[in-house]
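To start, the structure itself, in structure tokens.
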Amino acid sequence: MPSSFSRRKSVENGTPARRTIGGALFLAALLAPSTASHAQTPLPPSACIEGATVVPLLGGQNDAPLIPVHIEDLDAAMFVSPGLRPVLIRNHGDTWFPLGPRQPLMAQDGELVITHHTVIDDIQIGTLSLSMVPASLLEYDATRMVGTRPLLGLLGYEFFTGAELLLDIPHGKLAIFRWSDKKECGDSPARIFSGAFSSVKMDSTTHIAVQIGPITRRFKLDPDLGVSVIPYADARDAGVSKADLAEDARIATRYATVQLGSRHRFDQVAIGSYTMTDIPLVVQKHLFSGALGEDFFSGIVALFDFPHCRFIFQPTTDRNTAPELHLHFDESHEGSTSIQEPHP
């Protein structure tokens, strides 16, 4: 029995008070030295960022966002995917989490995954610390490693409630902060960008409107997914025929199950006023909605503005030159699927 048992909180008889990053950042802002200004002119963006923490992305250009975390007494790594809702966690060695009630979750392909409700006592990301974080405990123990760090799970959008999440894959950085509510700061953190950027409405489940040729559909923002995908019905409505798909490369994507699809190139894809041409999307049948994956995020600096329900992004030609680890929570490969697990 792990020695840390005595300080574990049981989740059998109730759910602890929810701790969110937004609340933690608000507390950090209250404790920080005041930068209040009595002037009515706009403050510089740096004076409007409160409670910020910045951490490196552990992977390279074609990896899912991976960040270093400290959980309980363990240096670990976790995926970051605003396209998924919960915090997902696995046991590892002597680091384990209490087993609460069954908690079925639905994967992108509609399949149910059985997890159990649990609580993470302590998690630290850079200078930010949270306690009693609700999570969903996955069935199998963590076996994948990022260097010396076990890969324990994933942080979904619920974890970032009330916070600003800046995901900068091209430059290998992730930042979490709170935008000040001072009048001189305005109501949008978009001012952190210099030069042209795009801003579109984002719903509470991180979906945005995307125009594919003549149609507009809701797409999920999922930087963990190795490829961008579109449901077959939507591709058909955009004018893609079965004969077109028969000539395209076949792609296998592993969600809860392995889904086969065809990589088709679309002449024009638009997000707000930003238009992309000759864009590959993998057409799959068993999807609830399309998703913009890592191939989209690898070329932009992205801000998930959760408090104002906006997705703000700026294209860049810079690319992350760090070595690739070939790690994704959901895997996609041409022709076959493989997960990066050691053989027993």
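One is the number of the first residue; the rest follow in order along the sequence.
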Verify whether one side chain among [X] and [Y] offers a donor that lies under 3.5 Å from an acceptor in the other.
X: His264; Y: Ser262; answer: no
X: Arg310; Y: Ser199; answer: yes
X: His92; Y: Asp141; answer: no
X: Ser136; Y: Gln103; answer: yes
X: Asp295; Y: Ser228; answer: yes

What are the two closest non-hydrogen atoms of [X] and [Y], and how far apart are they?
X: Tyr157; Y: Pro82; result: CD2-O, 3.2 Å
X: Thr127; Y: Ala52; result: OG1-O, 3.8 Å
X: Gln314; Y: Ser194; result: NE2-O, 2.6 Å
X: Asp121; Y: Glu72; result: N-OE2, 3.1 Å
X: Ala142; Y: Leu151; result: CB-O, 3.5 Å
X: Ile89; Y: Met78; result: CD1-CE, 4.0 Å

Please tell me if the side chains of [X] and [Y] come closer than 4.5 Å, counting only heavy atoms from C-beta onward.
X: Phe266; Y: Val240; answer: yes
X: Thr275; Y: Gln211; answer: no
X: Pro42; Y: Glu184; answer: no
X: Arg178; Y: Pro307; answer: no
X: Ile279; Y: Phe296; answer: no
X: Ile212; Y: Asp234; answer: no

Might you work through the side-chain contact (heavy atoms from CB on, under 4.5 Å) test for Asp75 and Val69, ending with a clear yes or no? CA-CA 6 Å; Asp75 286 330; Val69 298; over 6 Å; no
Once you round to the nearest 0.5 Å, how far does [atom1] of [X] lie from [atom2] of [Y]?
X: Asp222; Y: Ser289; atom1: CG; atom2: OG; result: 9.5 Å
X: Lys220; Y: Leu287; atom1: NZ; atom2: CG; result: 8.5 Å
X: Leu57; Y: Leu66; atom1: CG; atom2: CG; result: 8.0 Å
X: Leu155; Y: Leu88; atom1: CG; atom2: CG; result: 9.0 Å
X: Leu137; Y: Arg90; atom1: CG; atom2: CZ; result: 9.0 Å
X: Ser188; Y: Phe193; atom1: OG; atom2: CZ; result: 9.5 Å

Does atom CG (Asp237) have a neighbourhood of more than 12 heavy atoms from anything else shown, all under 6.0 Å? yes
List the steps and the verdict of side-chain contact (heavy atoms from CB on, under 4.5 Å) for Leu165 and Leu303. CA-CA 6 Å; Leu165 173 65; Leu303 178 65; 5.9 Å; no
Linked, directly or transitively: Ile114 and Val87 (ILVMFWY side chains, under 4.5 Å):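 No.
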Same cluster for Val54 and Leu128 if Ile/Leu/Val/Met/Phe/Trp/Tyr side chains link at under 4.5 Å? no
On the 0 to 90° scale, with breaks at 30° and 60°, tag the Phe306-Phe304 ring pair as parallel, tilted or perpendicular. parallel
Distance flag, aromatic centroids of Phe311 and Phe313, threshold under 6.0 Å: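 Here the rings of Phe311 and Phe313 have centres that are less than 6.0 Å from each other.
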side-chain contact (heavy atoms from CB on, under 4.5 Å) between Asp267 and Thr277: does it pass, once the steps are laid out? CA-CA 5 Å; Asp267 292 338; Thr277 57; over 6 Å; no
Go through the steps to decide whether Gln284 and Thr253 satisfy the test side-chain contact (heavy atoms from CB on, under 4.5 Å), and finish with yes or no. CA-CA 9 Å; Gln284 297 176 331; Thr253 304; 3.0 Å; yes
Take Arg263 and Asp248 through the test salt bridge (charged side-chain N to carboxylate O under 4.0 Å, His left out) and record every step on the way to the result. CA-CA 6 Å; Arg263 180 191 281 135; Asp248 294 329; over 6 Å; no
